[in-house]
Amino acid sequence: MQNKRDLPWRETKDPYQIWISEIMLQQTRVASAIDYFNRFLKQFPTISDLAQAEEQEVLKLWQGLGYYSRARNLHAAAKIIQLEYHGIFPDSYKEILKLKGIGTYTAAAIASFAFNLPHAAVDGNVYRVLSRLYGINKAIDSTEGKKYFQTIASETMGNAIPEIYNQAIIEFGALQCIPRSPKCDICPLLANCFAHNNAQVDQFPVKSKQIKTKNRYFYYLFLSCKSRFLIEKRKKKDIWENLFQYPLIEYDKPISTNELLRTSEWKELFGNMELVIHSVSENVIHKLSHQNLHTKFIHIEMDIDKMKNKYGYAIINHSEISEYPFPKLIEDHLNKMTKNNP
Ligand code: SF4
């Protein structure tokens, strides 16, 4: 383990800290997660601090990390730990797995890193290493494949120290047996590696399905009056639930500004109100894992107080931005607006 990376969550046995780091690392690169991890623990040093926080505060701290359901689940699980486990993180794999947002990998990681329990943690790195090493062609996104890899990982772990074994194989996948151009020429497993010996490194791991990317067309209405503007909370079961955005008209195909003005949504919003379209942005493509959001920002100057009582909109001032969690797409636009109108 002399080659392992020095990471803040590796210095601790505290299950709470390990949990936070594992959830952050699910969809975020290590380098980006470190700052978020340190800030999160500064604000919520204990489970009880997190359990008592407002969801808006938790989401604000998560702003920019994406996959916001992770933050909502962390918050919900902290409340359960506080209520049902008297604020003490459960110390069995079975109980850990019951917590919201924790799947088999994360439960095994926490159980082994914090409590040294013998559970093999199988993440994307481990799938890659094991599939290449043993030439396993079962799909890693199938139920059968997942079960199979879990069994192989447990057998490979054998009587090794769970914490060290899990960290070692994850590190090996992250640093050595990397997705593209793995460092086979200096690999200690070279002689026994199926994929390398059969020139099939790029064919492992195997996946059964390609998830199609969906295109969505967002027309954000930045309705402002001097330094004040309108926001709304996203409530639907969709991306960015409970984050804030500008009033939105969504379409299933691209439309011109003239077409937008003729939509029933536009007419319902504005009726005969007086307004001035100040500017229409270029198309901005915001990519999520399986969605491309084709976005335009329409800046409208008007008497926004007339809109206040519509659809639960809120009026805020630029100086209040730090109190609300926004998706990155809106945050970037707000930064641009603040720069242009300091
Ligand atoms: S030889 Fe290459 S493909 Fe095989 S385990 Fe080592 S790094 Fe991975």
Side-chain angles (χ1 to χ4, degrees), residues 1-11 18 21-34 37 67 93 103-114 116-211 213 289-290:
M1 287 297 281
Q2 68 266 35
N3 296 323
K4 73 173 183 179
R5 293 165 290 182
D6 289 327
L7 302 169
W9 45 86
R10 292 277 168 73
E11 312 300 321
I18 292 168
S21 71
E22 287 299 336
I23 298 295
M24 283 186 175
L25 290 171
Q26 278 171 7
Q27 312 280 354
T28 308
R29 285 180 307 116
V30 167
S32 320
I34 293 176
F37 175 80
Y67 298 94
Y93 175 81
T104 49
Y105 161 75
T106 308
I110 300 170
S112 62
F113 298 159
N116 205 24
L117 295 172
H119 292 276
V122 183
D123 72 347
N125 293 304
V126 179
Y127 280 124
R128 192 165 55 252
V129 173
L130 293 179
S131 63
R132 286 174 174 170
L133 184 60
Y134 298 128
I136 303 169
N137 57 13
K138 291 193 189 300
I140 61 168
D141 53 353
S142 67
T143 312
E144 189 209 347
K146 282 181 185 155
K147 263 194 190 157
Y148 187 78
F149 274 96
Q150 191 66 50
T151 308
I152 296 292
S154 301
E155 282 172 17
T156 309
M157 178 162 81
N159 292 326
I161 298 169
E163 179 195 1
I164 305 227
Y165 165 82
N166 279 336
Q167 281 197 16
I169 189 163
I170 291 168
E171 288 293 90
F172 188 79
L175 301 174
Q176 166 84 26
C177 192
I178 49 182
R180 260 171 241 131
S181 311
K183 302 166 186 168
C184 300
D185 45 342
I186 52 160
C187 179
L189 304 177
L190 180 78
N192 298 315
C193 177
F194 176 93
H196 180 267
N197 295 342
N198 291 281
Q200 292 179 10
V201 169
D202 57 352
Q203 289 169 40
F204 292 98
V206 173
K207 277 191 186 171
S208 62
K209 45 183 182 257
Q210 286 280 338
I211 301 173
T213 301
S289 54
H290 304 299

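In listed order, ligands and their atoms are each counted from 1. Atoms considered below: every heavy atom in the structure, side chains included; atoms not considered: hydrogens, waters and symmetry mates.
Under the 4.5 Å side-chain criterion, counting only non-hydrogen atoms from C-beta, Pro162 is not in contact with His119. At a threshold of 4.5 Å between non-hydrogen side-chain atoms, the residues Val122 and Thr104 do not count as touching.
Heavy-atom proximity to Arg132, at under 4.0 Å, picks out these atoms of ligand 1: 3 (S).
The protein heavy-atom contact nearest to atom 8 (Fe) of ligand 1 is Cys177 SG, 2.5 Å. The closest protein non-hydrogen atom to atom 4 (Fe) of ligand 1 is Cys193 SG, 2.3 Å.
Metal site remark for atom 6 (Fe) of ligand 1: Cys187 contributes an N, O or S atom at a distance under 2.8 Å. In summary, His196 places no N/O/S atom under 2.8 Å from atom 8 (Fe) of ligand 1, failing the contact criterion.
Counted by atom type alone, Gln26 and Tyr105 present zero donor-acceptor pairs between their side chains at under 3.5 Å. In summary, the side chains of Tyr67 and Ser289 do present a donor paired with an acceptor at a separation below 3.5 Å, with no hydrogens or angles considered.
The OG1 atom of Thr156 sits 6.5 Å away from the CD1 atom of Ile169 when rounded to the nearest 0.5 Å.
Under 4.0 angstrom from ligand 1, the non-hydrogen atoms of Cys184 come from both its backbone and its side chain.
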